[in-house]
Amino acid sequence: MGNEASDCDSIVSSVFFAFLLKMTTKHMHVPVINIPREDLVLRTETWWLLHETGIDISNLVFLPEVKATVDKSLASKQLEVTLVDHNILAGWQKHLEEAVVRIMDHHKEEKKCTRATGSDRVIEMVGSCASLVARAFKETNNLSLLSNVEKKILLAPILLDTANLDPKFQKVTPVDADIATILMKDLSMDAKQQKEYNDKLTAERFSVESLSTNDLLRMDYKAFKLNIHEVGISSVKKSIKDWLKSEPHLPKAMESFRVSQKLDILYAMTIFMDEKENVHRELVILSPSGELLENSMKFLLKTDLKLEQVEQAASAAFLKEGYHVAFLVQHNTGASRKQLQPLLSDFYEKK
């Protein structure tokens, strides 16, 4: 089961790792996508990738559709869960922790789900979880059994999550580079074709013009229970400037999402590219508590996210409507939610 953001890396890694486990353990492993089926279309690059490669989406399994079966199997102690692309369960899924027997992840070790140990607990801070899955295929001598179409699908999140293996963004590791090189060699993919493939995936990832604020916030969203605080972090593929243009009632729309998710504080990490294809990041923080927002922002301004608070005309609109908000530019463009969440976890847990 992938994480609740269910981005391209999470979905692809879940499907392929389940396939590998079936081959190596001779037991059935079902890849479960951790969102409702209707939300898959919001994962624009994954939607394109699956259609482009001829994958029948009707064959995919989504968690809400099998929840009753999962709960029944858990109650009878017949459920075993493999976590992919995360090693800590969302608050509303904590009850599954006792069934977690295996982890394949590339986020910070949270020291949860302790039943998964030894070789069944692979947690390495690489660029993409798909790199770890592909390496596992290689180490078990099963990589050659994948078709070229399957290898191309497996390559997609590796390129996306490492900015096309470009070291200047500080996302790619030797593990990512080595396995991507093997996959591209098998695909006879040269540097030009690699760039074209990554460019298309990236263009699809940022194809969000028609999405509402609610959809933008939930398309790549994770929730965390950090001490006493309910915290939500969304990755939004749009600049604050363009977001404000397309959503004249942004304060109300963001607050509506925060309330629907029962959050104490909402973080929206924007990411976008300029006309020269330079990556930019920003951060919007919203909370009904001015004190919580102020303390959180003061802490983050001291971190290596390299944040700088900026004034927005929208700030007055938020305050007028009773919302506390902060707009910040993030100069460390290599830092994503993968880096923000551990920082917030350390901060809130100590309070």
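Starting from 1, each residue takes its place in the sequence as its number.
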Take atom [atom1] of [X] as the centre, draw a 6.0 Å sphere, and report whether it contains more than 12 heavy atoms from other residues, nucleotides or ligands.
X: K22; atom1: NZ; result: no
X: H51; atom1: NE2; result: yes
X: K306; atom1: NZ; result: no
X: K222; atom1: NZ; result: yes
X: E109; atom1: CD; result: yes
X: K338; atom1: NZ; result: yes
X: E38; atom1: CD; result: yes

May I ask you to decide if A335's main-chain N or O and R281's side chain share a donor-acceptor pair within less than 3.5 Å? yes
Any donor-acceptor pair under 3.5 Å linking the side chain of Q261 with the backbone of R258? no
Look at R115 together with E98 and state whether they make a salt bridge at an N to O cut-off of under 4.0 Å.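 Looking at E98 together with R115, the answer is no, because their closest N to O distance does not fall below 4.0 Å.
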Quick one: do K67 and D71 make a salt bridge, cutoff under 4.0 Å? yes
Give the C-alpha distance, both sets of side-chain angles, the deciding distance and a yes or no for side-chain contact (heavy atoms from CB on, under 4.5 Å) between L96 and M1. CA-CA 11 Å; L96 297 176; M1 181 177 74; 4.1 Å; yes
Geometric class of the F137/F16 ring pair [parallel <30°, tilted 30-60°, perpendicular >60°]: perpendicular
So, [X] versus [Y]: side-chain donor-acceptor pair below 3.5 Å or not?
X: S289; Y: E291; result: no
X: H107; Y: D105; result: yes
X: S336; Y: Q339; result: yes
X: T140; Y: N142; result: yes
X: H280; Y: D274; result: yes
X: S207; Y: W48; result: no
X: S246; Y: K238; result: yes

Check for me whether the distance between the ring centres of Y348 and F224 falls short of 6.0 Å.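 No; F224 has its ring centre 6.0 Å or more from that of Y348.
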Using the salt bridge (Lys or Arg N to Asp or Glu O under 4.0 Å) definition, which of the options D161, D199, D9 pairs with R205? D161
Would you please test L132 and E124 for side-chain contact (heavy atoms from CB on, under 4.5 Å) and show each step? CA-CA 8 Å; L132 299 177; E124 295 182 36; 4.1 Å; yes
Given salt bridge (Lys or Arg N to Asp or Glu O under 4.0 Å), test K200 with E204 step by step and report yes or no. CA-CA 6 Å; K200 179 59 179 175; E204 292 297 331; 2.8 Å; yes
Validate the cation-pi geometry between K152 and Y197: distance from NZ or CZ to the six-membered ring centre under 6.0 Å, angle to the ring axis within 45°. yes
Does V100 belong to the same Ile/Leu/Val/Met/Phe/Trp/Tyr cluster as V30, with side-chain heavy atoms less than 4.5 Å apart forming each link? yes
